[in-house]
Every structure is written in structure tokens, then in C-alpha cells.
Amino acid sequence: MFQKKTNESVTAGRGHRRRFMGSLFSVVLAFSLLLTPASVSAAQSDYAVQTETTAPADASLRDSVQFTVNYDALSTFEKKLYDMVNQSVQSFNYIDMGYFDFAEKNHIDMEAEDNDFATAYQKYIASGQTLRMETDPEFRSLSSEKKNQLITGITSAYSADHPLDMRVMFTDLAFDYDENYVYFSIFTAYEIHNYDKRQQKADAAYQKAVSAIRADKRFEEGNKPAIELIVHDYICSRVKYTMPDDEKPEYMNYHSTYGPLVQNKGVCDGIAYLTSLLNNTFGIETHHLTSNYHAWNLVKLDDEYYELDNTWDLSDEPGVIRIRAVSDAHFNVTSEMIRKDDVDGTATEDAHVREYLGEKLPEATGTKYNYENVWRLTGMLTAPPASENGIYPEKNNYRFDGLVYDLSNDGVAYLTDGRKKKGKVVIPDYIEYNGYYYDVCSIMPNAFKNNKKITSVVIPYLVAFVQEDSFKGCKKLKCITLYDAEVSVGAFTGIKKNAVFYVCCRKDQFAEIKAAIKKSGVKMPRIKRVEEKD
């Protein structure tokens, strides 16, 4: 039903934040790798007294909303690395300043050509806590690239298992290793009091999201495929892809669950973390996958695996809650299918080629819970499967739920007669005929003319045209809900005076639609813009 996103738009998914590089500290971290373990230990004893520390934020939902999905998939040694990350997070005295503030306080000129970055960074590393773990033969046999991928994968796995913990989301784990040991240090670009504020907002947004998902008409307790689709639609209809300014500390909002969850803005790894958070909350086993360019998810349903990329399925116009505008191209597809979108020679090349930990997880081969099958489980609230050859059978005067339609061979339904309907009328998004689904796109002239028994009507998102005289003479019609349809002159002539119109549209569209409604023949209408109306 939907066009695949262009190369330009899918490139936006390349926001994956590398935990050991690509942060505010990327330059100085590179120099930190020059430090020997001995120099780090010495620096700790020399400079630890200069540190200003404070305790982590009080426990909240962050401590109860934790998962073991990614941990359970690790080897024995990988679990030791994971535990080391956990020890770093749980025992760390959070630094009350980022590196650049530290540099300013200690009179380190960041612009000086002869600046001794290694020495300066030693002081900073000493103000935190560096942990050391002995490696094993398997780790020592890996190439440097594979070691980097492994440890980055471990930190991503830990973050995915603790997606509501803002201590995890807003810190960077830097690492080093030598022939015998791996070393971890934790850094933050935020002052400590901001953790409490962010945690409170994240907790509240999480509870709101869970309530909204449960309130969805399609929700059924225990129906994991259906709930996964609801989560997909919830994220993809609300979150706007936003490339952050890496020079500002706020960039980490978008690389964490905080941005997509609280601000409705994020990049691929933040969106993938949010997907893990919401799916795993409802018992849907969801893993975090990364490549050199991207982050997405692996879902397990009934012992089969599916790949899921909510970043690439985002609505092109988020904000107004338009579930029907969400793409389904990357919902529960096979590994082979998702890699076909990684076009050679473009910015999306190898976007879905998994790194170290992802390589060890099973390939996605499941087809039972692909979009078409899950859609049938949840009802017609998202885009239905399209005809395979694009051709639909034609049918005139087709009656469906008391309304009459003409069905065209391009999959479009025209509502031609609703004069026998009574009370509250909800026009559907789609009409099913012989296993085919037709978009309801237009309410034709005179369709409801002189129907004196309808009191309200909901005109769905897909309806693009409300044509002339379509509701003329509907004297009891007093409540109309519509999206950004084109309303013709005379469409509502003679309906109840002071009728209320609820218009679901963007702010920049409202003035035009409001003007059209005033010209549609209704007397003294009350017109309100809303984000969502059931």
C-alpha cells in the first residue's frame, strides 16, 4: 500500500550511537587509548580527590522495568563483560560535569595545538571509576575490529535490557583493552540533577505509552503479534526522525529512549531502544541489532524470528496521530528481505548487515506473523494488504454495513448512498470484497442527502473528498469528525445549526480546512482542531 522510503529518507536511520566513539568525547577517547592501565590507575590515586560526585537518582520505574532478553543470548565470557558494564553503572559515582566543563575548570585549553590531551584525559578518567576484567583466549584471538564490535555490542545489549534507566541512556561507556585485560570507564555530559528530572519524565511517558497501547481497540491480552503491531503503529505515527547536533549535550536525548518516548523525536538507536522497551514490556522477546550504520530489532514469536525496523517505517508526517500513514514495509520481515533494501552504492548500503552479537543471533526466517497475517488479526485500522498484481475486481452498488459503494479496479471505493443509516455513523477506512480491500476515498454528491436520522459522522483519514450536497438536508447531524479532506461548497447545507466539527490535521492545514467548512453551507459551525478522534 505504501511507497518505500527514498534513499534520502532511509539514510536518516544512520544515527546509531557508538558507545566507545562518536560521542562528545570521540576525540579525547581516541587519545585515551594511548594510556596504559598503569597510568590510569596512577591517575586515579593522584586526582581522585579533585572530583565532585553525587549519588545516582533515587530508584523509580527504571529499576523494575528491566529485561534479560539480550543477556540470555550471550556466551559465558560475554555475560562477564555485560556484568562488568552493570557493575560500572551500579557502582559508579556520577561525575557532576562533562569533559569540556572539566577541561574549563582545570584550565585546559581545548584549542591549543600543543595541548596534552592524554594527560588531560587521564585526569578526567581518574574522576570516574575504571574497572578491569581479565580476558579469555577466545577474546584474545579476535581481531581488533571484532573486539571493538563485541564490546560495543555488549554495551548496546545492556542498554536495550535497561531502556528506562536514564543513568544508562545518558552515559557513555569508554573501553580499552590490552593483551590480558579489558577496562571500562563511564562518562556523562550531564549534571547529576538532570538525571532525576529526566527519569521522572521518562517514567511518566512510559506509563502513558503503556496505557495508550492497552487502550487501543485492537489490544488483546496475550496476543503478542497484535500487540507488536500496535507498538509499531504507536511509535511510527508519533516519532519524528530528528538528526541531533552532536556539539550539544542534548544530542543524547535522540540516541536514547528519552527523545522518542518523551519528546517524540529520535534517531535509529533511540527508536530501537524504545521498541525493545515497549515490546518486552508486553512479553514480546525483542533483541537489539546494530550495524556500522544503523540500529533495529529482532523479534521472536512462536519460536520463529522476524526483523523489525520501526525507524524505516516512520510516518512521513508524524504529529497528528495517523496510523494509516505508517509504513509496513519493514514489519516482521525475513533477514533476506530486509537486506534487499540496503541498496549497493548508496548511503543505505549494508545498513542491515549485523555486527558481532547480531551475527550470532538467529537469522529471521519466519513468515507466519508477517504484516498481512497480523493485520488480519487486528482489524482494519492499519493499511490492508494490496492486490498482488495491482488489479481489483470492479463492483457497483456494493452494500457494506448499510452503506453503498462503487468499487473501482484500482482499489478505490466511492461512497454513493448512506440515506438509510441511523444515529451515529462511522465510515470505514476500507471495504472488503471477495478478499480484496478498497480504500474509501470519496463521499459522493447526494450520498446522505435529506437523511434526517443521522446525528454524527466520523469521516476517516483516507477520505480525500467530501463532495457537494453529500450531507445536504441532514437536519439532525450535529457532530462531524474528519481529517484533512477537501470539503466542497454546499456539502453540509441544512445540517443542524452550531454543529461541531472536529478536524484532525496539522496546524498549518487548519486555517484552509476551517475556511472550507464555513463555505460548506452549515450555519455558525463550531470548528475545533484535535490530534486524534476515535
Side-chain angles (χ1 to χ4, degrees), residues 1 217 324 379-387 391-505 513 516-523 525 527 533-534:
M1 292 296 294
K217 296 175 182 178
R324 273 74 64 190
M380 293 186 293
L381 290 179
T382 54
S387 170
I391 305 298
Y392 297 75
E394 291 184 305
K395 177 72 173 178
N396 290 331
N397 298 318
Y398 177 64
R399 185 173 295 275
F400 184 88
D401 192 27
L403 298 172
V404 180
Y405 303 86
D406 286 346
L407 309 180
S408 69
N409 63 5
D410 59 354
V412 172
Y414 301 91
L415 200 166
T416 59
D417 192 347
R419 286 172 288 183
K420 293 185 178 181
K421 291 291 286 186
K422 300 178 181 179
K424 299 178 180 180
V425 178
V426 178
I427 299 170
D429 293 280
Y430 307 99
I431 298 301
E432 181 181 5
Y433 172 67
N434 284 354
Y436 293 85
Y437 296 91
Y438 299 75
D439 300 348
V440 179
C441 76
S442 181
I443 301 175
M444 302 302 287
N446 305 313
F448 290 86
K449 187 176 181 179
N450 294 327
N451 182 330
K452 297 178 176 59
K453 294 182 179 180
I454 63 170
T455 57
S456 69
V457 61
V458 176
I459 301 171
Y461 166 68
L462 290 177
V463 171
F465 302 99
V466 181
Q467 300 201 35
E468 63 272 9
D469 298 338
S470 53
F471 291 93
K472 183 177 181 178
C474 297
K475 294 184 178 181
K476 292 186 178 180
L477 180 58
K478 60 184 178 182
C479 181
I480 302 93
T481 300
L482 71 159
Y483 287 77
D484 54 356
E486 183 176 314
V487 178
S488 296
V489 174
F492 293 101
T493 299
I495 71 171
K496 192 173 182 67
K497 183 180 178 181
N498 300 126
V500 180
F501 286 77
Y502 295 99
V503 181
C504 305
C505 67
I513 299 172
I517 291 172
K518 288 182 176 181
K519 294 178 181 179
S520 68
V522 60
K523 294 182 179 180
I527 307 170
K533 185 71 176 178
D534 293 331

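The closest side-chain heavy-atom distance from V500 to K478 is not below 4.5 Å. Contact of the V463 side chain with the Y483 side chain is not registered, since no non-hydrogen atoms from C-beta on lie closer than 4.5 Å. Residues K420 and V404 have side chains not in contact (no heavy-atom distance under 4.5 Å, counting atoms from C-beta outward). The shortest distance between side-chain heavy atoms of I459 and F471 falls below 4.5 Å. Contact annotation: the side chain of N451 never approaches that of V425 to less than 4.5 Å [non-hydrogen atoms, C-beta and beyond]. A 4.5 Å side-chain heavy-atom check between I480 and I517 finds every atom pair outside the cut-off. Contact annotation: the side chain of L477 approaches that of V457 to within less than 4.5 Å [non-hydrogen atoms, C-beta and beyond]. At least one side-chain heavy atom of L482 sits under 4.5 Å from a side-chain heavy atom of V503.
Every residue meeting the side chain to side chain contact (heavy atoms under 4.5 Å, CB included) condition with D401, not counting sequence neighbours, appears here in chain and number order: K421. D406 meets the salt bridge (charged side-chain N to carboxylate O under 4.0 Å, His left out) test with no other residue; sequence neighbours excluded.
Here the straight-line distance linking atom NZ of K424 with atom CD1 of I454 works out to 13.5 Å at 0.5 Å rounding. In this structure, OG on S520 lies 12.5 Å from NZ on K472, to the nearest 0.5 angstrom. Atoms NZ and CG, on K475 and N450 in that order, are 8.0 Å from each other to the nearest 0.5 Å.
Remark: aromatic rings of Y398 and Y405 are distant, center separation not under 6.0 Å.
Heavy atoms of other residues, nucleotides or ligands lying less than 6.0 angstrom from NZ of K452 number more than 12.
Considering all non-hydrogen atoms of both residues, G418 and L403 come closest at CA-CD2, 3.6 Å. For P460 against P428, the heavy-atom pair with the smallest separation is CG-O, 3.4 Å.
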